[in-house]
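To start, the structure under review is shown below, and the notes come after it.
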Amino acid sequence: MSFKILAECPGTQARRGILSTPHGEINTPVFMPVGTRGSVKAMSPDEMEKLGAEIILGNTYHLFLKPGMEIMSAAGGLHKFSAWKHPILTDSGGFQVFSLSTLRKIEQDGVRFASHIDGSRFFLGPKESMQIQRILGSDIVMAFDECTPYPATYEEAEKSMKMTTRWERISREQPLDPGQQLFGIIQGSMFKDLRQQSARELVEIGFEGYAIGGLSVGEPEEMMFDCLDWTVPLLPKDKPHYLMGVGTPKQIVEAVARGIDMFDCVIPTRLGRHGSAFIADGSTIPVKAGRYAKDFTPIDESCDCYACRNFTKAYIRHLMNVGEILGIRLITIHNLHYYISLMRRIREALDTGTFSQFRAEFGK
RNA sequence: GGUGGGGUUCCCGAGUGGCUAAAGGGGGCAGACUGUAAAUCUGCUGGUUUUACCUUCGGUGGUUCGAAUCCACCCCCCACCA
């Protein structure tokens, strides 16, 4: 068993666990910073370690395009190439089927893409995605899916979900290296029966973990929680549950309460580069805004990250204002610290049986 | 002292009689961002009682139904020549 549950919340579906991988253990619930192209933007592996990141993401689509598999193979995989010693989860390229919808055509066995970099044509399907992720050497491999666009009609959602299931079955059949775990991804848009059908079929195929995809694509927040309520109870309890691409701090706390163990999201890093920083209550402040020009206090008085211990909003705003890289780095450090320590607080609450209380407090 | 070029809205800079409150940048301000085509993108940027009126293109005075645009004089800046 690579996933061990250490504690369960009596009042909610939340669990505290440890996921074992060839590159180390991951304490769940966990937030996984996104490092699409082999780097968490603006951060060094050393800094990620210091922030307490236990696992980061990489992306099949992007790494396949650049540097390409010949180099990735010669480099000996993504861990060696990027000097990240800890676990890596790679997304399959399924999200790019969604986000690059104007640059691709879906076919029976996969997707024909025109590279967003130079327009060159290539094909990515479950077989290709598994082969690439095997070479990348990720600890957790994601099955190839289509992140269904929202809104979708029932017919569109059903067609997309069925195709995803077929692709995931093929993904499962592909060879991976010893230790590599494969996660399936539930789709079905916002339809209860499709979501549940997707979950049941994936459980039947059998994966080392189960992800819920196709959320946070523009639907109302309540719908996202509905989808979790419909599907998580159908998943094996002894396998990790991963909510893909989510989300805001409050969404994460709510999803943990619904039995989610793993999260990834570009929000902390992207907002950091764009000048917004998280504060204690989970909301953000626009540090680059003119109103902070003479604010000589840290982003968050109660935060003990490197940025808040040493720098003022006025200084960071100035850096952002003149385009100095350090501004971006400091807010990214702060935001990642916020997310990672949020997860630490959630785990502590689960360890001490106080999660329901934590959740109620956080929601205020 | 001479010759040539120029002074435009916060800045740079286009505009040489009505379609001009004035292109385009920059700067400023605000907003967006959820498995990263994103250190990106969008909007606003003279004033007000906002489908209209007022003020603004170095200054003053003129020509004209109408001037940032034409004329006269003045002030200032730049280059070259003496």
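Protein chains get the first letters and strands the later ones, always in sequence-line order, with residue 1 at the start of each. Source: prediction; values computed, not measured.
- Straight-line distance between the C1' atoms of B:A30 and B:C74: roughly 45 Å, to the nearest whole Å.
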Every protein N/O within reach of nucleotides 30-34 of chain B N/O, cut-off under 3.5 Å:
unit_1 : atom_1 : unit_2   : atom_2 : d
B:A30  : OP2    : A:Gly290 : N      : 3.2
B:G31  : OP2    : A:Arg291 : NH2    : 3.3
B:C33  : O2     : A:His274 : ND1    : 2.7
B:C33  : N3     : A:His274 : ND1    : 3.4
B:C33  : N4     : A:Ser276 : OG     : 3.4
B:U34  : OP1    : A:Arg270 : NH1    : 3.4
B:U34  : O3'    : A:Gly245 : O      : 3.2
B:U34  : O2'    : A:Ser216 : OG     : 3.4
B:U34  : O2'    : A:Gly245 : O      : 2.4
B:U34  : O2     : A:Ser216 : OG     : 3.1
B:U34  : O2     : A:Gln251 : OE1    : 3.1
B:U34  : N3     : A:Gln251 : OE1    : 3.1
B:U34  : N3     : A:Gln251 : NE2    : 3.4
B:U34  : O4     : A:Gln251 : NE2    : 3.4

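- Look at A:Lys159 and A:Glu146 and you find no salt bridge, because none of the NZ, NE, NH1 or NH2 atoms lies under 4.0 Å from a carboxylate O.
- OP1 or OP2 of B:A37 lies within a sub-4.0 Å distance of a side-chain N or O belonging to A:Gln96.
- Distance, A:Met43 CE to B:U36 C1': 15 Å, rounded to whole Å.
- Non-hydrogen atoms lying under 4.0 Å from RNA chain B are contributed by nothing in residues 278-285 of chain A.
- Annotation: cation-pi geometry not satisfied between A:Arg345 and A:Phe358 (NZ/CZ under 6.0 angstrom from ring centroid, within 45° of ring axis).
- A 3.5 Å limit on both hydrogen-bonding distances identifies B:U40 as the Watson-Crick or G-U partner of B:A32.
- Residue A:Met320 contributes atom CE, which lies 13 Å from atom P of B:C29 at whole-angstrom precision.
- Here B:G35 presents its C1' atom at 8 Å from CE of A:Met142, a figure rounded to the nearest Å.
- With the nearest nucleotide of RNA chain B identified for both A:Arg273 and A:Val34, A:Val34 has the one nearer the 5' end.
- The side chain of A:Asn321 has B:C29 as its nearest neighbour among B:C29, B:A37, B:U36.
- Aromatic pair A:Phe113/A:Tyr61: ring centres closer than 6.0 Å.
- A salt bridge links A:Asp229 to A:Arg258: at least one charged side-chain nitrogen sits closer than 4.0 Å to a carboxylate oxygen.
- The C1' atoms of B:U50 and B:A21 are separated by 13 Å, rounded to the nearest whole Å.
- The environment of NZ in A:Lys250 is crowded: more than 12 heavy-atom neighbours from other residues, nucleotides or ligands sit within 6.0 Å.
- For A:Leu6, the CG atom is densely surrounded, since the number of other residues' heavy atoms within 6.0 Å is greater than 12.
- On the C1' atoms, B:C10 is 13 Å away from B:C29, given to the nearest whole Å.
- Dashed line: the shortest gap from a side-chain N or O of A:Asn59 to OP1 or OP2 of B:G35 is not under 4.0 Å.
- With respect to the salt-bridge test (charged N to carboxylate O, under 4.0 angstrom), the residues A:Glu107 and A:Arg112 qualify.
- What separates NE2 of A:His62 from C1' of B:G35 is a distance of 10 Å, to the nearest Å.
- Rounded to whole Å, atom P of B:A39 lies 17 Å from atom CD of A:Glu324.
- Remark: B:G1 base-pairs with B:C81. Criterion, Watson-Crick or G-U wobble with two distances under 3.5 Å.
- Atom-to-atom, CZ of A:Phe31 to P of B:U36 comes out at 11 Å; the value is rounded to the nearest Å.
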Given side-chain hydrogen bond (donor to acceptor under 3.5 Å, both in side chains), test A:Gln180 with A:Asp139 step by step and report yes or no. CA-CA 5 Å; A:Gln180 284 194 303; A:Asp139 297 271; over 6 Å; no
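- Exactly one residue among A:Tyr150, A:Tyr154, A:Trp230 makes a ring pair (Phe, Tyr, Trp, His ring centres under 6.0 Å) with A:Phe191. That residue is A:Tyr154.
- B:U20 sits 12 Å from B:U9 when the C1' atoms are compared, rounded to a whole Å.
- Checking B:G24 for Watson-Crick or G-U wobble geometry (two distances, each under 3.5 Å) identifies B:C12 as its partner.
- OP1 and OP2 of B:G28 both lie 4.0 Å or more from every side-chain N or O belonging to A:Arg317.
- Rounded to whole Å, the C1' atom of B:U42 lies 36 Å from the corresponding atom of B:G7.
- Residue A:Ala293 is the one, among A:Ala293 and A:Gly35, whose nearest nucleotide of RNA chain B lies closer to the 5' end (criterion: closest heavy atom).
- The environment of A:His116 atom NE2 is dense: over 12 non-hydrogen atoms of other residues, nucleotides or ligands sit within 6.0 angstrom.
- Taking atom NE2 of A:His116 as the reference point, atom P of B:A38 lies 5 Å away to the nearest angstrom.
- Atoms CE (A:Met32) and C1' (B:G35) sit 8 Å apart, rounded to a whole Å.
- Using a cutoff of 4.0 Å between basic side-chain nitrogens and carboxylate oxygens, A:Arg347 and A:Asp351 are not scored as salt-bridged.
- Across all strands, A:Glu219 comes closer than 4.0 Å to no nucleic acid atom at all (heavy-atom distances).
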